[in-house]
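Excluded from the calculations below are hydrogen atoms, water molecules and symmetry mates; all remaining heavy atoms, backbone and side chain alike, are included.
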Amino acid sequence: METTNSKPLLDPISSDTDEDEVRISNINDDIVIVKDEEPLFKPQEPKDKYNIVFFIFYLLGMTTLLPWNFFITANDYWMYKFRDTHSQLNRFSLSPNRTPLQTSFTSYLSVASNVPCVIFLILNTALNKRISLNTRMIGSLSVMLVLLVITTIFVKINTDGWQKTFFIITIIIVVLLNSASAVLSGSIFGIIGKFSPKYITAVIGGQALGAIFTCVVQILALAIGASSVFSGFIYYMVGNVVIVISLISYIILTKAVYYKFHLSSKGADLNEFQNELVRPQLINHKQILKKIWKYAASVFFIFCITLHYPSNKILILF
């Protein structure tokens, strides 16, 4: 027997239900209420006005490697600090025969920078859920600034009478500095993954610019005829200024609407029930290694050869 639908076309909405609730009636006249959680209009993506976020990421990428670049660039300064103080040469001249500290400093510097860098990159990946992003970013930049300020102060201190103690202090500073740099680098790449490839290029380009920037500072120091001590002072003062600017820039970045939009979860407006149904995807590290091992091996061998062999030995090898 046919039945006629007598329900009004514009049925008034009950006061105890929301406007976006839909009533579905089944055969047994049971009423199921389904709440439509999908927004009518998707939020429009804000624009990076004047490319401010882009340039800040460029600056942060440059800052990650800048202290390390200055440490290895100021080689004359370190050779002066660990020179033979009993030599009859001029105070600012270096003896042709290196002291044990001068000979071993570069090797200790490489180990004290690379080992903690790898360890803290792994720790940063493991503990990124327990330590907030702002704490890691601002904390690492602040630690880098304090350590570089201490290094700058040591430039003006006469350490000739306690070279071994100064050597140990310097190595400790390098360990802590590269640990903070690893946390900063890992945190930045964790952020940048939520942005378009343009911003990933900015971070990587910033790291390359850091090396160029260091070379420019070195050229300027040589152009004005700065001594090994004064050139070291210039390097570390410039590094302090860049880190301060980066710290201020990151605080500005956290206030940018474009940054907040990409960093926020796209499904933040869903209810708790739906969030519980969403399961995190498992990361297959073996698949990642299969894709990147060629590039990782290339970077490893390039750094291994260029950092641990003098230029004349490299020419002989090739």
With rounding to the nearest 0.5 angstrom, report the [atom1] to [atom2] distance, [X] to [Y].
X	Y	atom1	atom2	answer
I248	L141	CD1	CG	11.0 Å
T63	L145	OG1	CG	11.0 Å
S246	M62	OG	CE	6.0 Å
N69	C215	CG	SG	8.0 Å
S179	L123	OG	CG	9.0 Å
L147	I243	CG	CD1	9.0 Å

Could you check if a side-chain atom of [X] sits within less than 4.5 angstrom of a side-chain atom of [Y], using non-hydrogen atoms only?
X	Y	result
V203	L60	no
W68	S181	no
F189	I204	yes
I292	Q287	no
F70	V217	yes
I191	M137	yes
D160	Q163	yes
L127	R130	yes

I'd like to know if the side chain of [X] pairs up with that of [Y] as donor and acceptor (distance under 3.5 Å, no hydrogens or angles considered).
X	Y	value
N134	Y250	yes
T152	N240	yes
N158	K81	no
T64	S185	no

For a side chain to side chain contact (heavy atoms under 4.5 Å, CB included) check, start with the C-alpha distance between L263 and L133, then their side-chain angles and the critical distance, and finish with the verdict. CA-CA 11 Å; L263 215 64; L133 176 63; 3.8 Å; yes

Given side chain to side chain contact (heavy atoms under 4.5 Å, CB included), test S231 with D76 step by step and report yes or no. CA-CA 9 Å; S231 61; D76 290 342; 5.5 Å; no

Show the nearest heavy-atom pair for residues [X] and [Y], with the distance to one decimal.
X	Y	answer
L148	P67	CD1-CB, 4.4 Å
Q102	R83	NE2-CA, 3.2 Å
A256	V53	CB-CG2, 4.1 Å
K194	H262	O-ND1, 3.4 Å

Are [X] and [Y] in one and the same hydrophobic cluster, where Ile, Leu, Val, Met, Phe, Trp and Tyr link if side-chain heavy atoms are under 4.5 Å apart?
X	Y	result
V174	L65	no
V244	V143	yes
F120	I188	no
L66	F71	yes
I245	M237	yes

Polar side-chain atom of [X] near backbone of [Y] as donor-acceptor pair, under 3.5 Å:
X	Y	answer
R136	I131	yes
S249	I56	no
Q207	Y58	no
D48	I52	yes

Greater than 12 external heavy atoms within 6.0 Å of K164's NZ: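 12 or below, so no.
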
CZ/F54: more than 12 non-hydrogen atoms of other groups inside 6.0 Å: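 For F54, atom CZ is crowded (more than 12 foreign heavy atoms under 6.0 Å).
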
Derivation and outcome, side chain to side chain contact (heavy atoms under 4.5 Å, CB included), residues T170 and Y108: CA-CA 10 Å; T170 301; Y108 277 100; over 6 Å; no

Salt bridge (Lys or Arg N to Asp or Glu O under 4.0 Å) evaluation trace for R98 with D84: CA-CA 8 Å; R98 289 191 173 188; D84 183 6; over 6 Å; no

Flag the pair Y77 / F233 as yes when their ring centroid distance falls below 6.0 Å, and as no otherwise.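 Centroid separation for Y77 and F233: 6.0 Å or greater.
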
Which of parallel (below 30°), tilted (30 to 60°) and perpendicular (above 60°) describes [X] and [Y]?
X	Y	value
F195	Y258	tilted
F166	W162	perpendicular
Y259	F57	tilted

Derivation and outcome, side chain to side chain contact (heavy atoms under 4.5 Å, CB included), residues F230 and I234: CA-CA 6 Å; F230 188 65; I234 293 174; 3.5 Å; yes

